[in-house]
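Inspection log for the structure reproduced underneath, given as structure tokens.
In each ligand, atom 1 is the first atom listed, and ligand 1 is the first ligand listed. Every value quoted in this text rests on a predicted model; they were computed, and no experiment measured them.
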Amino acid sequence: MSIDKDDILRLTEAALNVRKNSYAPYSGFYVGAALLAKSGMIYTGVNCENSSYPVGICAERTAFSSALTAGEREFAAIAVAGGKDMKGPEDFCYPCGMCRQFMAEYCKGEFEIIIAKSRDEYRIYRLDNLLPYIFELDTTI
Ligand code: THU
């Protein structure tokens, strides 16, 4: 683990705080994410649902989209906090498969994923543990 305690706390608090902006009227499952770019900047995201369900986007991809739009291309870690209703979260919310693949486009295997229940209850994983044997296209041909 290379991310330091201060960054873990900054990211965890940002993910927990931004959850209140989650737009999740269909599932009632509110997710916040906070992404740390190697520049030191933090970009947040929430899940944005849609009445046409598959159109909705997860908090992790929203955070990445915001960072990429700002010109960021290198990332250190992301914190994710999600659960039913606005309380809690009562459980650890792991990124879905689509988000893992999305992250793998922009991050190396050592990218860290913090899954938080509260500011002092969290688990940290590497991207290559959550998504081994990633799919990649060779862009040199
Ligand atoms: N969701 C996320 O935003 N991130 C995750 O890691 C898991 C799921 C969202 C998608 C949908 O809006 C709601 O949670 C229920 O699946």
Under a 4.0 Å heavy-atom cut-off, which residues neighbour ligand 1?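 For ligand 1, the residues that come within the 4.0 Å heavy-atom cutoff are Ser27, Phe29, Val31, Asn47, Glu49, Cys58, Ala59, Glu60, Cys93, Tyr94, Pro95, Cys96.
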Could you give the distance from CD1 (Ile124) to CD1 (Ile8), rounded to the nearest 0.5 Å?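 Those atoms lie 3.5 Å apart.
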Tell me if a side-chain donor or acceptor on Arg119 pairs with a main-chain N or O of Glu13 at a distance below 3.5 Å.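 Looks like no, no N/O pair under 3.5 Å.
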Which residues pass the salt bridge (Lys or Arg N to Asp or Glu O under 4.0 Å) test with Glu72, not counting sequence neighbours? none
If you link ILVMFWY side chains whenever their heavy atoms are less than 4.5 Å apart, which other residues fall into the same cluster as Val18? By chain and number, please. Val46
For Tyr94, enumerate each residue passing the side chain to side chain donor-acceptor pair (under 3.5 Å) test, keeping only those at least two apart in sequence or located in another chain.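 Side chain to side chain donor-acceptor pair (under 3.5 Å) check on Tyr94 returns Arg123, Tyr125.
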Whether Tyr106 and Phe75 hold their rings parallel, tilted or perpendicular, with breakpoints at 30° and 60°: perpendicular
